[in-house]
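In what follows, a single structure is set out as structure tokens and then discussed.
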Amino acid sequence: MVQSLNHSVPAFDIKQQYNSIEAEVSAAVLEVLASGRYIGGPLVAGFEQQLAAYTGVTECVACNSGTDALFLALRAFDIGAGDEVITTPFTFIATAEVISAVGAKPVFVDIDATTFNLDLEQVATAITPKTKAVIPVHLFGQPVDMTALLSIAQAHNLVVIEDCAQSTGANWAGQKVGSIGHIGCFSFYPTKNLGACGDGGAITTNNPEIAAKLRVLKEHGQKNRYHYEEMGINSRLDAIQAAILQIKLRYLDIWNNQRQRVATRYHQFLNQVSGITTPQELPGGMGVWNQYTIRVQDHKRDSIRTLLQECGVNTMIYYPHPLHLQPVYENLGYKEGQLPVAEQACQEVLSLPMFPELSEEQQDMVIYSLKDCLG
Ligand SMILES: *Cc1c(COP(=O)(O)O)cnc(C)c1O
């Protein structure tokens with residue numbers, strides 16, 4: 001057993017990143033506080049422009065969270081009662097929750113065993129006359145094969161809403177995620193690749209009409225002041241978060257490269273280890289490793305996780321249960337065994353410590369502890 005009780009490795013570490021930019025962030029936050037301008041204003045508009053430029057789109061609308069971004073995207077394309085939206089059961093609940101929230105029906109299809117992303121053949125077979133949209137999730141930072149997905153979507157006139165919550169900065173065939181489908185939805189929850197010091201989200205698109213609609217919907221459905229034509233919500237990114245995100249966006253590529261370096265090293269030392277499968281990247285894409293998620297075979301995932309914890313290596317399980325079998329979706333009538341690849345993934349996945357500042361010493365501890373625990 002590798003014993004290193006006094007140096008445990010966290011699954012993620014947000015404080016270390018903050019410490020590295022503390023002076024810049026504190027100055028910017030204090031400036032916002034002194035300005036008296038806390039909602040909207042030039043910092044939010046500036047961040048929207050910067051994220052649009054970074055993503056390679058013409059329009060960006062900031063909002064309160066990734067969940068709101070997805071909700072607003074569906075609403076902007078008038079998706080609601082009577083419509084079906086295809087998505088993955090192996091994602092965070094928000095992806096599906098918003099489909100239900102707008103009154104539409106989530107249709108879950110199985111995932112690809114190697115990428116954990118939507119199985120595109122199954123997307124094609126799940127399309128019905130009621131299908132209006134598909135929400136691909138670039139899970140763990142790995143982009144979906146957008147070339148293949150777009151050709152399916154175009155043939156059936158589907159709206160493609162990219163869930164980029166875990167993949168800010170990733171690209172497929174040289175294009176940044178969030179610029180490939182009709183609309184991209186981002187989360188700035190603190191553990192995402194671009195994380196705020198609180199909640200935040202944004203929506204990207206090249207469609208100015210959709211962007212204008214989003215701006216109305218996110219402000220109570222108000223087109224002209226105190227005049228409401230449709231039901232909206234209140235969803236704002238505040239100026240403090242915008243100021244912090246402007247700073248962090250400048251470091252994002254560096255941090256994503258550091259994540260890539262960690263992933264490459266994990267791969268190098270864990271790829272050949274028996275009893276586990278390491279994540280593989282599709283050749284057409286470049287992921288950003290929000291998570292480095294291995295599979296542990298032979299029903300050993302939970303015991304390996306406990307052993308690792310005893311060695312001081314903290315891991316996470318994303319996700320322990322597939323969405324189609326959640327009690328909240330009982331009414332949809334899915335049965336166990338219906339989406340077997342996603343269900344098996346939930347039994348086997350283990351996300352290793354992954355953050356840009358993870359040192360080589362910490363990586364070694366993860367690698368050697370894991371090898372040790374696997375016997
Ligand atoms: C985090 C996340 C969301 C929701 O983002 P919030 O900002 O927490 O609302 C949506 N989809 C996926 C895949 C996520 O990981």
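Predicted model only: the values in this text are computed from it and were never measured. Start at 1 and go down the list; that is how both ligands and their atoms are numbered. Just so it is clear, the values below take in all heavy atoms, side chains as well, and ignore hydrogens, waters and symmetry mates.
For ligand 1, the atoms sitting less than 4.0 Å from at least one non-hydrogen atom of Gly66 are 5 (O), 6 (P), 7 (O), 9 (O), numbered in the order shown with element in parentheses. Atoms of ligand 1 found under 4.0 Å from any heavy atom of Ser65 (numbered from 1 in listed order, with element): 7 (O), 9 (O). Every atom of ligand 1 with a heavy atom of Val137 under 4.0 Å away is listed here by number and element: 13 (C). Atoms of ligand 1 found under 4.0 Å from any heavy atom of Thr91 (numbered from 1 in listed order, with element): 13 (C). Ligand 1 places these atoms under 4.0 Å from at least one heavy atom of Ala165: 2 (C), 3 (C), 10 (C), 11 (N), 12 (C), 14 (C), 15 (O).
Contacts with ligand 1 closer than 4.0 Å are made by heavy atoms of both the backbone and the side chain of Thr67.
Remark: ligand 1 and Asp199 share no N or O pair separated by less than 3.5 Å (distance only, no angle test). Of the polar atoms of Tyr189, none of the N or O atoms is found under 3.5 Å from an N or O of ligand 1, judged by distance alone. The shortest N or O to N or O distance between Gln166 and ligand 1 is under 3.5 Å. In terms of N/O distances under 3.5 Å, ligand 1 is not approached by Ala94. Ligand 1 has an N or O atom lying under 3.5 Å from an N or O atom of Lys192, backbone or side chain.
Residues Thr205 and Asn207 bring no donor and acceptor atom of their side chains to less than 3.5 Å of each other. With hydrogens and angles left out, the side-chain atoms of His324 and Glu343 include a donor and acceptor closer than 3.5 Å. Between the side chains of Asp372 and Ser369, not a single donor N or O lies within less than 3.5 Å of an accepting N or O.
Between Tyr266 and Tyr292, the angle of the ring planes lies from 30° to 60°, which puts this pair in the tilted group. Using cut-offs of 30° and 60° for the angle between ring planes, the Tyr319 and Phe140 rings count as parallel. Tyr226 and Tyr228 have perpendicular rings, their planes meeting at more than 60° on a 0 to 90° scale where under 30° would count as parallel.
Among all non-hydrogen protein atoms, the one lying nearest atom 11 (N) of ligand 1 is Asp163 OD2, 2.8 Å.
Figure legend: cation-pi geometry between Lys176 and Tyr54, with NZ or CZ positioned under 6.0 Å from the six-membered ring centre and within 45° of its axis.
More than 12 heavy atoms of other residues, nucleotides or ligands sit less than 6.0 Å from atom CD of Glu230.
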